[in-house]
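Notes for the one structure printed next.
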Amino acid sequence: MQGASMAAIEEKIQGGGRVDVAEARWLWENASNEELQRLAGVVRGRFHAPGTCTYMVMRIINYTNVCVAQCDYCAFYRLPGQEGGYVMAQEEVFRKLDELLVLGGDLAAFNGGFNPALPLSYYCDLFAAIRERYGDKVEFYALTIAEFMYLADHAKLSFAEAAERMKAAGVRWITGGGSEILTEGFRARHSKFKYSVAQYFEAQKAIVQAGLKTTATMVIGFDETLEERLEHLERTRAFQDETGGLASFLCWTFKPYFTPLGAQLGSIEISTGEYLRHLALCRIFFDNVPRIRTSVLTQNQRALEGLRYGADDFDLPIEDEVTQKAGATISLDFERILDYARELGFTPSYRHVAGSVVL
Ligand code: SF4
């Protein structure tokens, strides 16, 4: 980018201005880690007091692994009729929620596959039963946007109608997920049955318009280009400008093990250093998203270094079969992880989503 300089970009950000895609590219290619940290800290400071951060203890409930989408970065799914496919009964879900409560958590996120054998009633009955049994003691992220789209399609409902049905079943959140890299090129290469980017945002808009809460996500470390990463950021920021519906942004890294794409790429993960730089760039770019989350699930304790790169929030997950099948490891030694946040100079406090204490 001709004429760009760190001084000019810094002056813009310090003055409350917004970086454009060209400036974000320039920062990625030219800024040092310290410069990215400093600029991310300026934007973070508009939303959060220095030295503060929040966390949640949560579990992802993978209610079915049967899926017809066949993404080549997935080690989790089984095709219909294939050995090892499962669907969880309500009792199994309740057992997992009870266990979560015992471990001090109060948030569950449902994430499964595009399972053609599951009717809309499976989801509505399950979510209504959870609300009835747990009330506000537990909150749940009901499905990712991608599963929501499949569910709507499968039930022959518009996105607006499907959102209303979810709401009537007691759902409050349908979170970003199944987004990976939001460019049509990436989806054509790796997940051609997983809907277009335009459809993704159309579904998310219907969710916001129905009065449900939602979030943005991103996954890096596949074969995506810098331009694809920047396009993802640009489209997400534009969606937030239009709707104001995104409560947070979470980026995690691709776990390549036992996946077809991983085998093709040599099962190499991107470095934590690259992840941290990307987090900082996201914090700088998303001047309209209050919360930037760092991924303990895929980066373990080192994810907390993201707090110095503009992140302000993280999960302490107790389970996620999707990423664990692809090589993620989980520690239940929460105190050790929280101590690391303190060593880095941050005071972590629990963020309750259940009961809507803090959103
Ligand atoms: S990533 Fe999700 S949608 Fe894709 S194959 Fe795996 S379970 Fe299915």
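Each ligand, and each atom within it, is numbered from 1 in the order the structure gives. Position 1 is the first residue of the sequence, and the numbers go up from there. Excluded from the calculations below are hydrogen atoms, water molecules and symmetry mates; all remaining heavy atoms, backbone and side chain alike, are included.
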Shortest protein heavy-atom distance from [atom], along with the residue and atom involved:
{"atom": "atom 6 (Fe) of ligand 1", "answer": "C74 SG, 2.4 Å"}
{"atom": "atom 4 (Fe) of ligand 1", "answer": "C71 SG, 2.3 Å"}
{"atom": "atom 2 (Fe) of ligand 1", "answer": "K194 NZ, 4.0 Å"}

Ligand-residue contact atoms, ligand 1 with [X], heavy atoms, under 4.0 Å:
{"X": "F76", "result": "7 (S)"}
{"X": "C67", "result": "3 (S), 5 (S), 7 (S), 8 (Fe)"}
{"X": "A69", "result": "3 (S), 8 (Fe)"}
{"X": "Q70", "result": "5 (S)"}

Between the side chains of R229 and E274, is the shortest nitrogen-to-carboxylate-oxygen separation below 4.0 Å, so that they form an ion pair?
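Yes, charged N to carboxylate O under 4.0 Å.
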Can R189 and E228 be counted as an ion pair, charged N to O under 4.0 angstrom?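 The answer is yes: the pair qualifies as a salt bridge.
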Requested in this report: Could you list all the salt bridge (Lys or Arg N to Asp or Glu O under 4.0 Å) pairs where at least one residue sits in residues 57-71, not counting sequence neighbours?
Outcome: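 Qualifying pairs: R59-E99, R59-E319.
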message: Tell me whether the rings of F114 and Y195 are parallel (<30°), tilted (30 to 60°) or perpendicular (>60°).
response: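 It falls in the tilted class, 30° to 60°.
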Is the shortest side-chain heavy-atom distance between Y123 and L118 below 4.5 Å?
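Yes, at least one pair of side-chain atoms sits under 4.5 Å.
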Looking at E184, E147, E180, which hits salt bridge (Lys or Arg N to Asp or Glu O under 4.0 Å) with K194?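 Of E184, E147, E180, salt bridge (Lys or Arg N to Asp or Glu O under 4.0 Å) with K194 is met by E180 alone.
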